[in-house]
2 protein chains.
Amino acid sequence: MARILVVDDEAQIRRFLRISLGANGHAVAEAETGAEAVALVRADPPDLVILDLGLPDMDGQEVVSAIREDSAVPILVLSVRAGEGDKVEALDRGAEDYVAKPFGIAELMARVRVALRRSPQAPKPAVVTAGGVEIDLDRRIVQRDGAEVRLSRREQDLLFVLARSADHVLTHQQILRAVWGPAHVEDTAYLRVYVNQLRQKLEADATQPQLIVTEPGVGYRLRTDQG
Amino acid sequence: MARILVVDDEAQIRRFLRISLGANGHAVAEAETGAEAVALVRADPPDLVILDLGLPDMDGQEVVSAIREDSAVPILVLSVRAGEGDKVEALDRGAEDYVAKPFGIAELMARVRVALRRSPQAPKPAVVTAGGVEIDLDRRIVQRDGAEVRLSRREQDLLFVLARSADHVLTHQQILRAVWGPAHVEDTAYLRVYVNQLRQKLEADATQPQLIVTEPGVGYRLRTDQG
DNA sequence: GCCCGTCTTTACGCGCTCTTTATGCGCACA
DNA sequence: TGTGCGCATAAAGAGCGCGTAAAGACGGGC
C-alpha cells in the first residue's frame, strides 16, 4: 500500500512497527541511525518516515531538518520526550506529527493513515488524454482538439466509467451495473448504442475506433496515450 | 494570516483560543454548536477548523463527518476524551490532528502551523472573472462590464457557491444543500428559477449561456476565463 | 397599515435524451 | 455456402428535464 521508513535504534521497536505496519499492508524499510535514514531518504524517498528522536549518532531534530532539505516526505516523530519544547521544535522543523511514547498502536496507525492520505503517493492524473481527446475526471469536462464536447448524462457516465479504468478492460456487466444500475446488467443493447454515440463524437474515424476499443465477447476498453 | 474557526461551547476556551490565535496573526471566527459550525463552514470555508468534540447539540464525531461532506478544510480536534478509540475515529473520519486536553498552547500553535502550512497555501483567487463579469468572493461584489450588478440574497448565495467551485460541476443536490439547506435538496424548481434569473442579469445572451452552463442531468457549472 | 422587493410556487411548452426496435455487417462454424 | 451470433448503426416515439413567465406568499421598512 505504501512504503514506510522506520528509524529507531531499538530493534524491539523496529520489529513491533514492522509487524504492525506490515499487517496493514505497508512495505517497511528500516534504519538504525540518523545518517542511515538521511541517506536512505535521499537515495529512494519513501511515502512516510517514522522517526524516533532518540538516536545514537545525531540529534533527532537534526535528522528532521536533514531530511527536509532533500525531500518533502511526511515525517511522523516518535519520542519518549514529552516536553512541549521538543514537540514544537520538531513540528516547526517540518515534521508532520509528533506522538509521545508510550503510544497506542491503534492511534499510531490512524495517524499514519492521516499522513498518507494527504500525500497521495500515487498522484493519479485527474485528466486522461488519448489522441486528441482530453478527459478531465475531476471537472467532468471532455475536450477534443481543444474544443469542448457536449455529452449527455448517460454518455458522460459511460465515458467516465471507462476513463476511470483507463487501459483496463471492463466487462459489459461491469459497465452496465456502474452506469445503468444492477437491474440492467443484461441490456447490452444500451451499451452498443451509447458506445457508438461516444465514438461518433470523439473518434477521428468512428468506423476505426482508436479510443474506445471493443474486446469481442468481453467488453470495452478505453485506450490512452500512456497506456 | 489565516482564517480559523473555533468551535467550542465553553466561552472561556473560545476566549483563550481567540487571544492566542489572534496574537499569532490569525483571524478567528467562533461557533458554539455543531450545527452552527457546519453552517459557517458551508457558507464560507475557513482555512482551519479547531473543533471541540464535546458539544451540546450533536456528537463531535458527527460534526467532523458533516464538515467533510462539504469541505476539505483541515480540522484540528480538541477533546478531554483521551481514549484511543475517540482519536482513531476522529482521525479516520477526516480530522487532520487530535490534541487531548489539557493541551499546551505552544504545542497547539505548532500543530496549527503544521496544519496551515500543508493546506493549499495557494491563495485562492478572491476574484473570479468570466467574460465581462467579475465576481469578488471576498467583498461579495459582482460587476458586469465595470458596473455593479444588484443581486438578491438568494441570487448571491447561488452565484458564490458556483464561483467558489469555478469550472467544476456542482450537482443539483450539492447546490441546493449549500444554498437552501438539506431540507430542500429535492426542490430543483428553485434552481431553474434562480439560474435563469442570474443568466438574465449576467449573461450577454441569456438564451445562449456562456457563464452558467447546464450539465444535463447533473447540475451546473460556472465557466471562467482561465478554465 | 401599506408598499415594494424578494422568495416561493405553479403552469406550460419546447427540445433533448433515453429507450426501444429494426436492419445490416462480419466472422465463426458446420 | 448457409446459419447464427455478436456488434455497429440508424431511426423513431415517449418521457421528462429544463427554461421561462407569472401569480401568490412573505417580510421588512416607512
Side-chain angles (χ1 to χ4, degrees), chain A residues 140 142 148-162 169-176 178-181 183-222, chain B residues 140 142 148-162 169-222:
Chain A
R140 278 187 86 94
V142 180
E148 201 167 311
V149 178
R150 252 188 71 81
L151 296 179
S152 79
R153 182 185 149 84
R154 284 274 195 266
E155 289 166 357
Q156 278 188 41
D157 288 348
L158 172 56
L159 181 62
F160 288 129
V161 164
L162 290 171
V169 180
L170 289 178
T171 67
H172 298 133
Q173 294 210 349
Q174 285 178 316
I175 302 172
L176 285 163
V179 177
W180 278 272
H184 295 86
V185 290
E186 305 292 333
D187 294 332
T188 54
Y190 288 174
L191 260 188
R192 291 200 296 273
V193 171
Y194 275 87
V195 165
N196 183 42
Q197 287 179 7
L198 283 177
R199 281 171 175 165
Q200 300 293 338
K201 292 188 176 182
L202 298 177
E203 300 272 2
D205 178 3
T207 64
Q208 302 287 327
Q210 298 300 311
L211 190 67
I212 304 174
V213 295
T214 303
E215 302 288 338
V218 181
Y220 295 92
R221 178 167 55 91
L222 188 131
Chain B
R140 284 184 82 92
V142 180
E148 194 165 324
V149 179
R150 250 188 74 80
L151 295 179
S152 78
R153 169 82 190 285
R154 285 272 194 262
E155 288 167 357
Q156 279 188 42
D157 288 348
L158 173 56
L159 182 62
F160 288 129
V161 164
L162 289 170
V169 180
L170 289 178
T171 67
H172 299 131
Q173 294 210 349
Q174 286 178 316
I175 302 172
L176 285 164
R177 180 150 34 84
V179 177
W180 278 272
H184 295 86
V185 291
E186 305 291 334
D187 294 331
T188 54
Y190 289 174
L191 262 187
R192 293 202 299 273
V193 171
Y194 275 86
V195 165
N196 186 38
Q197 286 178 8
L198 282 177
R199 281 171 175 165
Q200 299 293 338
K201 292 187 176 181
L202 298 177
E203 300 273 1
D205 178 3
T207 64
Q208 301 286 328
Q210 298 299 312
L211 238 186
I212 305 175
V213 295
T214 302
E215 301 288 336
V218 180
Y220 294 92
R221 178 165 56 91
L222 188 133

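Letters A, B, ... mirror the listed sequences (proteins, then strands); counts begin at 1. Quick note: numbers below take in every heavy atom, side chains included, and nothing from hydrogens, waters or symmetry partners. Quick caveat, the model's predicted, so the values are computed rather than measured.
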Exercise. Contact class for A:Thr188 (heavy atom, under 4.0 Å): base, sugar-phosphate, or nothing?
Worked result: nothing

For this session: Take A:Thr188 and A:Arg192, measure what side chain to side chain contact (heavy atoms under 4.5 Å, CB included) needs, and give me the verdict at the end.
Result: CA-CA 7 Å; A:Thr188 54; A:Arg192 291 200 296 273; 3.6 Å; yes

Exercise. Under a 4.0 Å N-O cut-off, is there an ion pair linking B:Glu215 with A:Arg140?
Worked result: no

Exercise. A:Lys201 NZ to C:dT17 P: how many Å, rounded?
Worked result: 6 Å

Problem set entry | Nucleotide C:dC7, atom P - distance to CG of B:Asn196 in whole Å | 15 Å

Seminar exercise, completed: The first and last nucleotides of DNA chain D lying within contact of chain A, meaning any atom under 4.0 Å from one of its heavy atoms, run from D:dC7 to D:dA10

Exercise. With a non-hydrogen cut-off below 4.0 angstrom, is B:Val193 in contact with a base, only sugar-phosphate, or nothing?
Worked result: base

For this session: Calculate the interatomic distance between A:Leu191 atom CG and C:dT19 atom C1'; express it in whole Å.
Result: 14 Å

Exercise. If you look at every strand shown and take non-hydrogen atoms under 4.0 Å, does B:Arg192 touch a base, only sugar-phosphate, or nothing?
Worked result: base

Exercise. Do B:Leu198 and B:Leu151 touch side chain to side chain, with heavy atoms closer than 4.5 Å?
Worked result: yes

For this session: Measure from OH on A:Tyr190 to P on C:dC18 and round the result to the nearest Å.
Result: 11 Å

For this session: Quickly work out the B:Arg154 CZ to C:dG5 C1' distance and round it to whole Å.
Result: 14 Å

For this session: Measure from CG on B:Leu158 to P on C:dT6 and round the result to the nearest Å.
Result: 15 Å

